[in-house]
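Here's the structure we're looking at; comments come further down.
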2 protein chains.
Amino acid sequence: MDALASLPRPAEGRGAAALAEVLARAILSGHWQPGDLFPRELDLCQHFEASRNRVRNALGELSAAGLIERTAGRGTVVRDIVDWHLLDPQMSGWMASLDAPHPQLVEAVFAFRLAAEPYIGELAALNASGDDLARIERAFDGMQETADAASQRLAHAEHDVAFHDAIYRASHNLVWRQMGLLLRPSIVALIQRSQRHAGSSTDGHTDDAADGHARGLGDSLERHRQLLEAIRLRQPEQARRATELLLERTARDLDKTLPASGITTPAPRRV
Amino acid sequence: MDALASLPRPAEGRGAAALAEVLARAILSGHWQPGDLFPRELDLCQHFEASRNRVRNALGELSAAGLIERTAGRGTVVRDIVDWHLLDPQMSGWMASLDAPHPQLVEAVFAFRLAAEPYIGELAALNASGDDLARIERAFDGMQETADAASQRLAHAEHDVAFHDAIYRASHNLVWRQMGLLLRPSIVALIQRSQRHAGSSTDGHTDDAADGHARGLGDSLERHRQLLEAIRLRQPEQARRATELLLERTARDLDKTLPASGITTPAPRRV
DNA sequence: CTATAGTTAATGTCAGACATTTTGGGCAAG
DNA sequence: CTTGCCCAAAATGTCTGACATTAACTATAG
């Protein structure tokens with residue numbers, strides 16, 4: 001079968017980046033199996049009406065992200081999901097714009113957050129500077145302003161991502177900081193799930209999913225506030241606890257069951 | 001000043017990858033300050049006797065790694081260290097081949113290992129498959145065989161990296177697994193430090209650095225063995241403890257002071 | 001002094017040819 | 001029938017030269 005035929009042209013932009021995004025989304029959607037041969041350069045040129053140079057640049061981006069492997073003479077093959085560079089920021093961007101990210105991926109990312117974020121919250125409480133705090137507060141204010149209208153859910157998700165990313169940054173560790181982008185796909189998945197729930201019941205009565213969502217959102221906001229407050233007051237213990245409660249709330253929204261206990265971090269040090 | 005003049009040509013290989021490595025190492029060595037203008041494409045073509053196409057491909061790799069930022073009309077600027085994609089596998093390769101990696105980087109990576117690896121050890125003890133165990137054992141055997149001769153230190157380091165990477169893989173979590181490559185620069189830095197120590201005293205007496213290194217290496221090997229054993233026997237608690245002891249040993253070799261306590265992980269769950 | 005059009009210099013793209021690597025088939029010697 | 005070699009096909013990698021696009025600077029009219 002010609003797997004190429006069903007691929008859309010880049011919606012906007014005539015650059016290599018736009019082309020790369022289309023191809024990346026196709027791979028991330030499972031359009032090819034790992035090990036499958038990817039279309040040849042010339043076929044891509046023909047289908048997308050692009051020069052070989054642009055196609056090659058796009059393929060170069062995919063290769064840098066670990067999505068494909070190219071070898072002269074043999075061709076281009078799609079790599080297995082375990083070889084993808086999940087922590088490449090570009091991957092986060094591609095995944096966030098996806099309708100249905102790999103469940104395996106959402107699972108892995110959330111497991112990571114569950115283990116790491118309480119500790120990162122502690123680090124943030126110990127190390128957050130004034131700039132960090134300002135960034136976190138700005139994101140929180142944005143979440144508050146976009147909490148009411150259902151039409152602003154995407155904007156709300158962006159502020160949510162910014163909130164957590166700011167906390168990663170506040171850890172003041174180069175490695176942990178890099179992982180802040182990881183949660184964008186996770187949070188976007190959450191939003192889309194709640195949107196689907198809300199869309200499935202439109203009667204607007206008291207106990208429907210939409211109201212449940214609204215109530216859950218208020219609760220979530222309150223838990224964010226407590227985490228922010230703990231970081232401001234330099235209380236690592238409470239920041240850890242607040243993060244755990246926040247993740248518990250998120251887990252419920254994702255219909256996940258929590259493990260018996262999370263990670264505890266007695267005494268990280270200030271850097 | 002012409003910062004280009006002092007850059008060497010690629011030692012081997014005439015491809016874009018070789019060129020990218022030379023440029024990446026220069027940036028990682030602090031050859032430019034963040035915000036500095038990077039040489040123009042045509043200058044690079046002239047200096048390296050390369051076509052513009054190859055130069056552009058090399059610059060594309062650097063851009064994908066977050067080392068530089070390119071904008072049409074303005075030029076290419078070197079990005080700040082906090083924007084580098086430390087978790088890009090290609091970065092690990094470049095950093096590992098470096099004489100003196102950024103101290104700030106080694107610091108951050110080790111702080112991360114200190115916090116995360118005990119937990120990862122637990123995960124590995126819970127989830128390691130037969131293949132995982134075989135991989136870990138193979139790496140351990142390699143470490144044993146190369147433990148005696150000083151000439152095999154590089155090989156020993158490779159097996160050391162493989163050992164820890166295998167444990168990351170055994171966590172069976174897509175995210176944690178990705179971070180296995182992070183420790184390559186860290187371990188290489190350790191090796192080079194011990195090599196420097198050994199080189200500074202050549203009398204060969206009882207208490208000199210070389211003997212200290214040999215004794216330390218035997219001790220390190222034993223701690224690796226205990227971690228391997230804990231993983232094999234599916235004992236998460238002991239795996240965590242063994243990892244902590246191993247990191248303590250590593251910290252001593254890096255002349256670092258340990259924080260009062262590491263991270264503890266009561267009950268991660270099996271995936 | 002300001003707004004605007006032109007100039008310059010850098011990166012981005014296009015087009016075609018050639019180089020290199022891998023794979024497979026044909027064919028002859030054993 | 002198997003083995004070894006050579007050659008051709010197919011794919012990616014590279015070279016070259018031209019043009020397109022973008023961003024900063026400059027001069028100039030108002």
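Each chain gets a letter, A, B and so on, in the order the sequences are listed, and its residues count up from 1. Just so you know, these numbers come straight off a predicted model, no measurement behind them.
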Those residues of residues 63-73 of chain A lying under 4.0 Å from DNA chain D by at least one heavy atom | A:R70, A:T71, A:A72, A:G73

Would you please say whether a donor-acceptor pair under 3.5 Å links the side chains of B:H31 and B:S6?
-> yes

Rounded to whole angstroms, how far apart are CZ on A:R40 and P on D:dA9?
-> 15 Å

Taking side-chain hydrogen bond (donor to acceptor under 3.5 Å, both in side chains) as the test, write out the residues that go with B:R138, two or more places apart.
-> none

Distance below 4.0 Å between B:R74 side-chain N/O and C:dA10 OP1 or OP2 = no

Do B:H224 and B:H164 have a side chain donor and acceptor closer than 3.5 Å?
-> yes

Say whether B:H172 and B:D132, considering side chains only, have a donor N or O and an acceptor N or O under 3.5 Å apart.
-> yes

Any residue of residues 41-58 of chain A with a heavy atom less than 4.0 Å from an atom of DNA chain D = A:E41, A:R52, A:R56

Hey, are B:Y168 and B:Q178 close enough side-chain-wise for a donor-acceptor pair under 3.5 Å?
-> no

Hey, are A:R70 and A:E41 close enough for a salt bridge, meaning a charged N less than 4.0 Å from a carboxylate O?
-> yes

Do the non-hydrogen side-chain atoms of B:Q90 and B:E61 ever get within less than 4.5 Å of each other?
-> yes

Just checking, is any N or O donor in the side chain of A:R54 or A:S51 under 3.5 Å from an acceptor N or O on the other one?
-> no

